[in-house]
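Reviewing the structure listed below.
Residue numbers start from 1 in every chain, and the chains themselves are labelled A, B, ... in the order their sequence lines are given, proteins ahead of strands.
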Number of protein chains: 2
Amino acid sequence: MKNRLKVLRAEHDMTQQQLADALGVSRQTINAIEKGKFDPSLPLAFKMSYLFNRSIERIFEYEESAS
Amino acid sequence: MKNRLKVLRAEHDMTQQQLADALGVSRQTINAIEKGKFDPSLPLAFKMSYLFNRSIERIFEYEESAS
DNA sequence: TTGAAATGTAAACAAGACTTTACATGATTT
DNA sequence: AAATCATGTAAAGTCTTGTTTACATTTCAA
């Protein structure tokens with residue numbers, strides 16, 4: 001799963017900490033998601049969607065994996 | 001988080017087992033999600049989106065909770 | 001009305017998402 | 001050079017998502 005979080009964050013001139021605060025998660029969570037360590041939960045993806053006013057599909061790109 | 005899985009499944013005339021197989025998860029996972037016991041992961045939500053040819057936003061409805 | 005298919009549920013467990021604390025690095029700014 | 005800010009990362013722990021096995025209930029066709 002790829003995501004455009006870093007770019008969206010840059011477009012909105014936000015630090016990881018500011019984004020984390022806006023979403024109610026820790027900065028490490030944002031960092032980990034940006035670095036591809038794991039995917040956000042669906043509720044968190046929705047929050048990002050509302051915050052950046054973009055559909056989930058325009059923030060995240062699904063990639064096939066083992067499943 | 002509400003979802004329209006049960007209806008989509010009915011529209012496609014699929015059992016929980018068939019949907020589970022199509023998505024690569026267990027039947028209990030489908031049942032639990034339909035019954036609102038938990039939300040799917042983002043990757044699983046994407047798979048559902050592709051399978052039913054509907055955006056994630058048209059399958060799931062976000063509702064504010066404690067966060 | 002029996003039998004099979006579909007659904008609901010539960011418990012124990014594994015895997016993934018997320019937190020907290022903590023420290024290290026690079027880039028600014030003073 | 002020193003302090004500060006933003007980012008990267010790691011370990012231990014918690015909570016959520018998903019699996020497996022198993023059994024009970026509903027539904028519906030034979």
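Take A:Gln18 and apply the side chain to side chain donor-acceptor pair (under 3.5 Å) test, not counting sequence neighbours, and it matches no residue.
Interatomic distance, CZ of A:Arg4 versus CD1 of A:Ile59, reported as 9.5 Å (0.5 Å rounding).
C:dT20 atom C1' lies 15 Å from atom CG of A:Asp21, rounded to whole Å.
The nearest heavy atom of DNA chain D to B:Gln28 and to B:Leu42 marks one nucleotide each, and the one closer to the 5' end goes with B:Leu42. Of the two residues contacting DNA chain D, namely B:Lys37 and B:Arg27, the nearest-nucleotide position lying further toward the 5' end is that of B:Lys37.
Considering only the side chain of A:Leu44, C:dC18 comes nearest among C:dT7, C:dA10, C:dC18.
Residues of residues 8-15 of chain B that place a heavy atom closer than 4.0 Å to DNA chain C, in numerical order, are B:Arg9, B:Thr15.
For C:dC18, neither phosphate oxygen OP1 nor OP2 lies less than 4.0 angstrom from any side-chain nitrogen or oxygen of A:Thr29.
Nucleotides of DNA chain D that come within less than 4.0 Å of any heavy atom of chain B span, from the 5' end to the 3' end, D:dT17 to D:dA22.
Within the 4.5 Å cutoff, side-chain heavy atoms of B:Thr29 are placed close to those of B:Leu44.
When all heavy atoms of B:Arg54 and B:Ser49 are compared, the closest pair comes out as O-OG, 2.6 Å. Taking all atoms of both residues into account, the shortest heavy-atom contact from B:Phe60 to B:Ala45 is CE1-CB, 3.9 Å.
Note on A:Ser41: only backbone sugar-phosphate atoms sit closer than 4.0 angstrom, heavy atoms only; bases stay farther off.
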